[in-house]
Amino acid sequence: MFRAGGILKLAAIVFTSLLAVFLAFQLLEINLDFKLTNVFLKSKPENSGPTKPMRYKCGLSRPCPLGHFSFKVASGAASVVGPRICLEDKLLMSGVKNNVGRGINIALVNGRTGEPIKTEFFDMWAGDVAPLIKFLKEIEDGTVVMMASFDDTSTKLNDEARKLITDLGSSLITNVGFRDNWIFVGGKGIKTKSPFEHHIKNSADTNKFDGWPEVLEMEGCIPQRQD
């Protein structure tokens, strides 16, 4: 018969062997898991993280082609929030810039370079139409003309002023009435009607605000003048 000391010694040897085998398997499992993790990490594309949506000039939904200027125009909201006129990511007119007012807001831009020339607004409720007529007559050929309404645009707007705006490419200015919203982009010397124009009537049945229609917004690409 084995003595008690021999049994204990044998048990210790068996336990040590089993422990060594267990640790070996554990180490193999950890090492295998580590290698598999590395494989998956290396196979993950470098650009698979979240990406920010593209932002285009003036916040347009898509970029303009070469040889075009990006623009966005918004009319005023009732008599509270002024209009906004943006070209090539430059905010030309807005309430924040403190250069808008009741009536017709106008930004003039060089049709070749896209550089701003002048901004002005003309009060067509309590003002005089004569300064607007003078301003329109002095616009030089090749100038991009951007306009947006705020509050009321038509009370003092006479036939002569409407004709001068029509000559800039507008096809809707003749129909603009009291507190209508209207936005327009045309040019001096344009030979066709501009595609960049929107008009919404002031109507108690459809007005979004009390006494004023909803805000109009328009974006697009203006061809750069080459000649």
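None of the values given here were measured: they were computed from a predicted structure.
Put simply, CG on L136 and CE on M147 are 5.0 Å apart, with the number rounded to the nearest 0.5 Å. Interatomic distance, Y56 OH to D89 CG, rounded to the nearest 0.5 Å: 13.0 Å. With rounding to the nearest 0.5 angstrom, the CD atom of E219 is 4.0 Å from the OG atom of S61. Between M124 atom CE and L157 atom CG the span is 6.5 Å, to the nearest 0.5 Å. To the nearest 0.5 Å, the span separating CE on M54 from CZ on R62 amounts to 14.0 Å. Atom CZ of F184 is separated from atom CD1 of I173 by 8.5 Å, given to the nearest 0.5 angstrom.
For the pair Q224 (side chain) and H68 (backbone), a donor-acceptor distance under 3.5 Å is absent. Judged by distance alone, with hydrogens and angles left aside, the side-chain atoms of N105 form a donor-acceptor pair with the main-chain N or O of G101 at under 3.5 Å. In terms of modelled atom types and a separation under 3.5 Å, the side chain of D152 and the main chain of T155 share a donor-acceptor contact. Side-chain atoms of T143 never come within 3.5 Å of backbone atoms of N110 as a donor-acceptor pair (strictly under, hydrogens ignored). Side chain of K72 to backbone of C86: no donor-acceptor contact under 3.5 angstrom is found. For the pair E197 (side chain) and S171 (backbone), a donor-acceptor distance under 3.5 Å is present. A donor-acceptor pair under 3.5 Å links the side-chain atoms of S194 to the main chain of V185, judged by distance alone. Side chain of K118 to backbone of L108: no donor-acceptor contact under 3.5 angstrom is found.
For the pair I117 and V109, the minimum side-chain heavy-atom distance is 4.5 Å or more. Looking only at side-chain heavy atoms (C-beta outward), L216 and V73 stay at 4.5 Å or farther from each other. Residues K90 and E115 are in side-chain contact: their nearest non-hydrogen atoms beyond the backbone lie under 4.5 Å apart. T174 places none of its side-chain heavy atoms less than 4.5 Å from the side chain of I165. Taking the side chain as every heavy atom from C-beta outward, D128 and K156 never approach each other to under 4.5 Å. The shortest distance between side-chain heavy atoms of T166 and K193 falls below 4.5 Å. Residues I106 and T119 form no side-chain contact, since every pair of their non-hydrogen atoms from C-beta on lies 4.5 Å or further apart. A 4.5 Å side-chain heavy-atom check between N181 and W212 finds every atom pair outside the cut-off.
One hydrophobic cluster, built from ILVMFWY side chains closer than 4.5 Å, cannot hold both V215 and F71; they sit in different ones. If you chain together hydrophobic residues whose side chains sit under 4.5 Å apart, F135 and V144 never meet in one group. I200 and W182 fall into different hydrophobic clusters, where Ile, Leu, Val, Met, Phe, Trp and Tyr side chains are chained together by heavy-atom contacts under 4.5 Å. Hydrophobic clustering, with ILVMFWY side chains joined whenever heavy atoms are under 4.5 angstrom apart, keeps F150 apart from M146. Linking Ile, Leu, Val, Met, Phe, Trp and Tyr whenever their side-chain heavy atoms come within less than 4.5 Å puts M93 and M218 in one cluster.
Counting only N and O atoms by type, the side chains of D180 and H199 include a donor and acceptor under 3.5 Å apart.
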Q. Is there a side chain to side chain contact (heavy atoms under 4.5 Å, CB included) between I222 and L87 once you walk through the steps?
A. CA-CA 9 Å; I222 304 169; L87 183 85; 4.0 Å; yes
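Minimum interatomic distance between S94 and R84 (heavy atoms only, all atoms of both residues): CB-CG, 4.0 Å. Across all their heavy atoms, P83 and A148 have their closest contact at CB-CB, 3.7 Å. Contact detail for L132 and A161: the closest heavy-atom pair is CD2-CB, 4.3 Å. Among all heavy-atom pairs drawn from G211 and N202, the shortest one is O-OD1, 3.5 Å. Here the closest heavy-atom approach between residue S70 and residue L60 is recorded as CB-CD2, 3.9 Å.
In this structure, the side-chain contact (heavy atoms from CB on, under 4.5 Å) partners of R225, at least two apart in sequence or on a different chain, are R112, D141, D227.
Taking the charged nitrogens against the carboxylate oxygens, D123 and R102 do have a contact shorter than 4.0 Å, which makes a salt bridge. Taking 4.0 Å as the cut-off between side-chain N and carboxylate O, K163 and D167 count as a salt-bridged pair. For E160 and K137, the salt-bridge test passes: some basic side-chain N is under 4.0 Å from an acidic carboxylate O.
Heavy-atom contacts from other residues, nucleotides or ligands closer than 6.0 Å to NZ of K208 number 12 or fewer.
In this structure, W125 shares a hydrophobic cluster with F178, the cluster being traced through Ile, Leu, Val, Met, Phe, Trp and Tyr side chains under 4.5 angstrom apart.
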